[in-house]
Amino acid sequence: MKRKDLLGLLDCTAEEIDEILTVGLNMKKLLRAGKKTLTDLQGKSVTTLFYENSTRTRCSFELAAKYLGAHVVNITAASSSVTKGETLVDTGKTLDAMKNDVIIMRHPMGGAPRLLAETVKAHVVNAGDGMNEHPTQALLDMLTMRENFKSLKGLKVAILGDIRHSRVAKSNLYGLTKLGASVSMYAPRTLMPAGLDKMGARVCRSREEALDGADVVMGLRIQLERQQGGNFPSLGEYAKYYGVNEAVMNYAKKGALIMHPGPVNRGVELTSGLIDGADSRIEEQVLSGVAVRMAVLSLLTKGEK
Ligand code: CP
């Protein structure tokens, strides 16, 4: 991979995504074998810079960098000089001056990682920017699918939930369609943005239509923190009319995978039975997250002394 930064999958070619997944699958094999002392990032410094809360992404980036031998520093907005009025660009220049090699950034504003990437010498990885993209989440989702199905070509993926506010939905749509999968989407009209069909999605009018013949069913979190309310009557009614349950899963292929990027609103996007059932790959996605982030960090810095 020849790029300086990973800001989104809209920017990436199918070949780049394929390379990340291939390296990621190898990393996952190493992790399963208990190998956590690699040297790809030996002598490198990695900073996670998170302006929004996170469990999975921040922790898995930190572990990925440490497993590759990097020095790692973690900064959250609440504990940084952002609270004293420092700008994003000045924060970036400060981190650059300390010879950081990679900055991993989550920010509530779409485009913030791109602004940082244009300002700093360090590689920048987008760990989720507002409602724009979450590239490594989509990569780990694709890695999990590839491990189960070998190829993504022709795979039918149904995505249901709060698509309007979801950076995960967008990155998955870009990545999956580039690798030849078809993506069906369904949500209440109030949670479906316009123009998804022009971005390559099959926009559906019911859960049954979205799940029809699906190989993978992905629930997305209802992002109450990005809403003013009024998009649906209540979480109970959302679950009843729009959530994925055992009955509606009968429309998907037998044994279709259940996925969710997390954190899950249990019993809202997916029933507890599906979350904890035999076809669930939600925990598997978490391990894929460490592996794919190791792949991204290794490929971005490859060949650098
Ligand atoms: N999937 C995801 O981005 O989770 P976190 O918000 O916990 O990082």
Side-chain angles (χ1 to χ4, degrees), residues 6-10 20-21 24 28 46-67 72 74-79 102-113 124-145 157 159-176 185 187 191 216-227 244 257-266 268-270 274-275 280-297:
L6 179 67
L7 302 176
L9 296 193
L10 184 61
I20 295 168
L21 297 183
K28 202 165 173 188
V46 174
T47 296
T48 68
L49 179 60
F50 275 56
Y51 292 79
E52 252 187 17
N53 292 342
S54 167
T55 300
R56 278 147 282 266
T57 312
R58 205 209 54 72
C59 185
S60 65
F61 263 118
E62 180 176 353
L63 288 176
K66 285 180 171 167
Y67 293 164
V72 183
N74 298 305
I75 306 176
T76 60
S79 64
V102 185
I103 302 172
I104 295 155
M105 185 198 209
R106 172 169 287 192
H107 201 283
M109 303 300 290
V124 175
V125 182
N126 179 5
D129 61 331
M131 302 190 317
N132 182 35
E133 282 222 47
H134 193 348
T136 57
Q137 176 66 47
L139 288 165
L140 76 87
D141 294 336
M142 286 190 274
L143 183 77
T144 308
M145 292 178 211
V157 181
I159 302 181
L160 295 91
D162 185 352
I163 292 166
R164 181 167 147 205
H165 299 100
S166 177
R167 50 200 180 204
V168 177
K170 290 182 196 76
S171 289
N172 262 303
L173 180 57
Y174 301 140
L176 283 165
M185 291 185 160
L191 294 181
V216 178
V217 177
M218 185 186 295
L220 293 179
R221 188 172 65 86
I222 301 301
Q223 301 190 33
L224 295 171
E225 75 277 19
R226 292 193 212 280
Q227 302 180 27
V244 180
L257 301 189
I258 296 284
M259 295 177 61
H260 193 297
V264 183
N265 293 308
R266 242 173 211 274
V268 179
E269 300 102 22
L270 300 170
L274 292 175
I275 293 167
S280 173
R281 293 294 180 278
I282 296 172
E283 279 184 24
E284 198 58 42
Q285 285 173 266
V286 178
L287 181 61
S288 295
V290 182
V292 94
R293 287 167 179 135
M294 289 169 76
V296 166
L297 292 173

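Counting starts at 1 for both ligands and their atoms, in listed order. Bear in mind that the values here come from a model prediction, so they are computed numbers and not experimental data.
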remark   = atom 4 (O) of ligand 1 has as its nearest protein heavy atom R56 NE, 3.2 Å
H134 to ligand 1, any heavy atom closer than 4.0 Å = yes
ask   = About how many Å separate CZ of R164 and CD1 of I222, when rounded to the nearest 0.5 Å?
value = 11.5 Å
task = Verify side-chain hydrogen bond (donor to acceptor under 3.5 Å, both in side chains) between N126 and E133, making sure each step is shown before the conclusion.
result = CA-CA 8 Å; N126 179 5; E133 282 222 47; over 6 Å; no
ask   = So, is P263 polar-close to ligand 1, with some N/O to N/O distance under 3.5 Å?
value = no
Point-to-point distance, once rounded to the nearest 0.5 Å, from CZ of R221 to CG of D162 = 8.5 Å
task = Considering the heavy atoms of T55, write down every atom of ligand 1 situated less than 4.0 Å from one of them.
result = 5 (P), 7 (O), 8 (O)
ask   = What is the minimum heavy-atom distance between A169 and M185, and which atoms define it?
value = O-CE, 3.8 Å
request  = Quick one: look up the protein heavy atom nearest atom 6 (O) of ligand 1 and list residue, atom name and how far away it is.
outcome  = R106 NH1, 2.9 Å
inquiry  = Against ligand 1, does G128 come closer than 4.0 Å with any heavy atom?
reply    = no
Q137, any N or O under 3.5 Å of ligand 1 N or O = yes
request  = Taking ring-ring contact (aromatic ring centres under 6.0 Å, His included) as the test, write out the residues that go with H165, two or more places apart.
outcome  = none
request  = Would you check if the side chain of K28 reaches a backbone N or O of L287 as a donor-acceptor pair within less than 3.5 Å?
outcome  = no
ask   = Which of the numbered atoms in ligand 1 are below 4.0 angstrom from a heavy atom of T57?
value = 2 (C), 3 (O), 4 (O), 5 (P), 8 (O)
